[in-house]
Amino acid sequence: MTNIVQVRNLLKQYNPPSGVIAVKDISFDIRRGEVFSLLGPNGAGKTSTISMLSCLLAPSSGDAEVAGHSITTAAPLVKQAIGVVPQEIALYQTISAAENLIFWGRMYGLSGQRLQERVAATLAIAGLTDRAHDKVESFSGGMKRRLNIAVGLLHQPQILYLDEPTVGIDPQSRRRILDTIKTLNEQGMTVLYTTHYMEEAEELSDRIGIIDHGELIALGALAELTRLVGESDLIDLDVEYNGADQQALAAGLQAQPGVQRVVVEDGRLLLAVDQADTALADVVVAVARAGAHVRQLEIREPNLEALFLHLTGRALRD
Amino acid sequence: MFTKTLHIAWHYLKTTYGNRTVLIFALLMPLLFTFVLGSVIGGPGRNGESPRWQIALVNADKGALGEALAARLAAHPALAVQTQTENEALAAVRAEEVTAAVLIPADFSAALLAGGESGVEYVAGSEVRSGQSVQAAVQAALTEVDGLIQAAEIATAAAAQLGLFEAPGQDQARYFQEALQRGLAREGTAPVQVQAAAVTRMQAADPIPDGFAQSSPGMLVTFALVGILNGAIVLILERQQGTLRRLLVLPLRKSAILGGKLLAIFVAGLLQAGVLILFGAFVFGVNWGQAPLALLLLLIAFVFAVTSLGMLIAGLARTYAQANALANILMYSVAALGGAWWPIEITPAWMQRLAQITPSYWAMQGFHDLLTRGLGLPAILGEAAALLGFGLLFLTLGVWRFRYE
């Protein structure tokens with residue numbers, strides 16, 4: 001399988017020499033026809049990376065080739081090859097969906113019959129054909145998100161970048177968008193998808209790059225990544241502390257046999273353990289002895305969240 | 001690439017003026033303000049239909065000169081004269097049925113011929129501005145009558161120097177009377193009346209614009225500032241809502257994006273000004289001067305300067321709220337300071353000097369050159385150059401400071 005994107009030692013520092021380094025010397029490839037996700041918490045460097053790959057942001061060093069063109073020396077060719085769906089709803093609210101698509105299509109150089117065909121096709125993909133002539137301001141959040149994606153597909157790009165396209169929408173709309181992306185991928189579209197939702201990355205991606213503090217800390221298919229965690233299970237405890245010291249309780253749990261790591265996150269306790277079924281009883285007893293009690297608990301199989309915890313010592317939260 | 005610039009410009013016009021509220025605000029509001037302000041500061045002014053001020057005339061003089069003065073007042077295009085008794089005239093002034101009463105005394109002719117004061121009394125009502133105009137017209141008529149006497153005296157003196165009089169006292173007096181009669185007889189045929197009427201108001205050294213001659217260009221300038229500056233800060237809104245960022249990831253030059261937006265704002269400003277000019281001319285009777293090319297040049301220079309000022313605001317403001325506040329402060333202060341709301345001539349000298357740092361001042365001066373002073377292209381070249389200078393400065397700074405993200 002050939003690579004459509006090749007990223008080499010990409011680095012972005014804002015306001016050098018003392019500014020924040022948002023992306024730290026990352027390298028990865030995206031294969032033609034796959035869904036590649038960049039997974040990481042807010043502020044990890046996902047949007048900076050996608051902005052550089054869109055030629056919107058100049059890298060401080062390093063380079064990337066997209067569809068055979070360098071982002072630093074051949075920006076117009078890169079821009080013609082990519083479709084970008086930004087995080088925000090980048091649409092004109094006071095005109096209709098069709099008028100939006102016609103305008104953006106013209107900006108891609110489409111005109112005449114070809115423009116009309118592409119507008120109709122993308123409206124169909126977004127499921128908005130019957131609302132084509134309604135003003136965007138009358139749409140629900142999910143409909144706007146779908147139209148936002150449709151704009152990125154107008155010129156039939158070789159690769160579609162989607163920057164957190166499901167932020168702030170209801171579960172039903174999210175489901176529809178994920179299904180749309182899967183369908184597009186089945187039809188041959190390569191997708192670069194950024195998200196901080198572990199479940200989305202797990203569901204959609206052929207391969208996943210986990211990014212944190214600007215660094216690519218893991219890269220591979222889901223199965224490969226979860227193997228990195230080993231056989232750990234994840235116990236997620238919702239605890240009523242009743243005055244007990246949170247940190248002391250975490251330290252106490254860490255000392256229990258079979259517990260690999262304990263992280264306190266928003267009052268919850270996340271425990272990476274060798275085997276949940278054998279560790280669970282001791283964990284609950286330890287909590288009770290500390291004067292607290294367990295309100296709710298959840299046991300999860302090895303997954304990306306466990307991996308993120310394993311690699312960073314922090315939870316991957318919304 | 002230029003096609004895309006045009007598409008961006010057209011798209012801007014469509015999304016902005018497709019909104020009925022914006023359209024109404026851009027066109028109806030300035031027309032309403034033009035009408036209200038124009039009426040408040042002096043009615044149609046000299047550019048519209050001439051006003052007819054009512055005056056009451058009391059002519060107690062039985063001589064020819066009193067009659068000549070009355071005839072001149074009656075012929076004045078701005079005056080509607082009612083001949084009344086003194087009591088009726090004074091009552092009419094008190095009742096504000098007339099602007100003023102003019103009382104010609106019984107010895108008017110005799111006094112003038114004797115070289116004395118005319119003794120004409122002028123009783124004005126409470127409407128000061130109209131009163132001043134009527135007084136000026138009366139004074140002009142008096143000057144004309146006095147001129148007839150002087151002409152007869154000069155002719156008589158010249159004849160005396162030539163030795164035409166055998167019996168100087170008697171012949172000279174008869175010659176003077178004949179000369180005066182000839183002068184009076186020529187009344188109505190000589191162009192003196194027209195010139196005299198004009199002298200009092202139209203050819204003053206630095207006339208102050210009034211009525212729609214002030215409010216029409218004034219509101220054009222004000223609402224061009226309002227419309228264009230509000231239009232320019234849409235750039236910030238686009239940056240904030242992400243559409244500018246989306247344009248940037250398309251195969252487009254930045255110059256095409258910014259050029260398209262600015263072109264649209266400029267064209268919208270010109271169209272708005274054009275509508276206001278046409279409306280002013282055909283509905284309010286404003287005479288926009290005799291030099292349409294000069295008017296066009298002035299408009300282009302002014303709209304360019306304000307569009308660039310909008311670009312500067314977009315370059316300086318970080319958020320839409322900031323841009324909105326800055327635009328509001330600038331649009332009203334620049335309009336007022338530059339003389340768009342009242343004649344700059346009535347403001348203190350220091351304010352008139354300060355006004356010169358605003359594009360609106362130069363635009364208003366240009367409009368007054370064309371409307372009030374009746375001048376042509378050469379007269380407004382300086383103002384147009386100043387506006388173009390402002391435009392280039394603002395545009396350069398604005399584009400330099402503008403952040404796309």
Side-chain angles (χ1 to χ4, degrees), chain A residues 14 47-48 50-58 66 69 71 74-96 99-111 115 135-137 144-145 147-152 154-155 157 160-161 163-164, chain B residues 1-26 230-231 233-265 268 318-320 401-405:
Chain A
Y14 294 100
T47 299
S48 292
I50 218 167
S51 295
M52 284 190 281
L53 295 179
S54 310
C55 307
L56 197 58
L57 201 59
V66 178
H69 309 293
I71 59 168
L77 295 171
V78 172
K79 287 178 173 181
Q80 196 65 50
I82 62 175
V84 181
V85 180
Q87 215 172 99
E88 59 275 16
I89 307 287
L91 300 167
Y92 294 99
Q93 304 283 331
T94 56
I95 56 175
S96 72
E99 286 170 322
N100 262 283
L101 290 168
I102 288 169
F103 170 71
W104 292 108
R106 283 191 174 131
M107 291 301 101
Y108 276 115
L110 302 175
S111 61
L115 175 62
K135 285 187 178 177
V136 174
E137 62 193 3
K144 288 178 183 173
R145 287 270 170 205
L147 184 62
N148 211 28
I149 294 173
V151 171
L154 273 164
H155 63 306
L160 184 66
Y161 299 171
D163 191 9
E164 309 218 32
Chain B
M1 193 54 73
F2 189 63
T3 313
K4 287 183 181 174
T5 304
L6 291 180
H7 281 314
I8 291 172
W10 172 243
H11 175 75
Y12 169 87
L13 291 173
K14 193 169 145 187
T15 49
T16 306
Y17 292 98
N19 184 329
R20 206 173 300 160
T21 312
V22 175
L23 197 62
I24 288 172
F25 188 80
N230 276 322
I233 61 174
V234 169
L235 280 170
I236 307 281
L237 193 62
E238 287 222 25
R239 181 169 72 196
Q240 225 159 280
Q241 69 191 17
T243 43
L244 192 60
R245 183 184 166 93
R246 181 163 231 165
L247 281 167
L248 288 170
V249 299
L250 303 183
L252 280 172
R253 287 178 199 277
K254 282 181 179 175
S255 57
I257 299 170
L258 216 48
K261 301 285 180 196
L262 291 177
L263 176 66
I265 294 163
R318 288 180 178 276
T319 63
Y320 183 71
R401 296 292 302 168
F402 187 68
R403 295 287 168 264
Y404 287 85
E405 293 204 68

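Below, read A as the first sequence line, B as the second, and so on, with proteins coming before strands; counting in each chain starts at 1. Quantities reported herein were computed from a predicted structural model and do not represent experimental measurements.
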After noting the C-alpha distance and the side-chain angles of B/Thr3 and A/Arg106, does the key distance pass the side chain to side chain donor-acceptor pair (under 3.5 Å) rule? CA-CA 9 Å; B/Thr3 313; A/Arg106 283 191 174 131; over 6 Å; no
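- Taking A/Gln80 as the reference, nothing meets the side-chain hydrogen bond (donor to acceptor under 3.5 Å, both in side chains) condition, with sequence neighbours excluded.
- Salt-bridge check for A/Glu88 with B/Arg246: failed, with every basic side-chain N at 4.0 Å or more from each acidic carboxylate O.
- Summarising the geometry, atom CG belonging to A/Asn100 is positioned 9.5 Å from atom OG1 belonging to B/Thr243; distances are rounded to the nearest 0.5 Å.
- The shortest side-chain heavy-atom distance between A/Trp104 and B/Leu247 falls under the 4.5 Å cut-off.
- At distances below 3.5 Å, at least one donor-acceptor pair connects side-chain atoms of A/Lys79 with backbone N or O atoms of B/Leu248.
- Using a 4.5 Å heavy-atom cutoff, the side chains of B/Tyr404 and A/Leu56 are not in contact.
- Both the backbone and the side chain of A/Leu91 come within contact range of chain B, each with at least one heavy atom under 4.5 Å from a heavy atom of that chain.
- Only the side chain of A/Glu99 comes within less than 4.5 Å of a heavy atom of chain B; its backbone N, CA, C and O stay farther away.
- Residue A/Val78: no heavy atom, backbone or side chain, is found under 4.5 Å from chain B.
- Counting heavy atoms from C-beta on, the side chains of B/Leu252 and A/Met107 come closer than 4.5 Å.
- Listed here is the closest heavy atom pair of B/Gly242 and A/Ala90: O-CB, 3.4 Å.
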For B/Thr15 and A/Phe103: C-alpha separation, side-chain torsions, deciding distance, then whether side-chain contact (heavy atoms from CB on, under 4.5 Å) applies. CA-CA 11 Å; B/Thr15 49; A/Phe103 170 71; over 6 Å; no
In sequence, state the C-alpha distance, the side-chain angles, and the governing distance for A/Ile95 and B/His11, and then conclude on side-chain contact (heavy atoms from CB on, under 4.5 Å). CA-CA 10 Å; A/Ile95 56 175; B/His11 175 75; 3.4 Å; yes
Test A/Tyr92 against B/Gln241 for side-chain contact (heavy atoms from CB on, under 4.5 Å), laying out the working first. CA-CA 9 Å; A/Tyr92 294 99; B/Gln241 69 191 17; 4.2 Å; yes
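- In this structure, chain A has no heavy atom under 4.5 Å from any part of B/Leu244.
- Between A/Pro76 and B/Pro251, the shortest heavy-atom contact is O-CB, 4.1 Å.
- Both the backbone and the side chain of A/Ser54 come within contact range of chain B, with heavy atoms under 4.5 Å apart.
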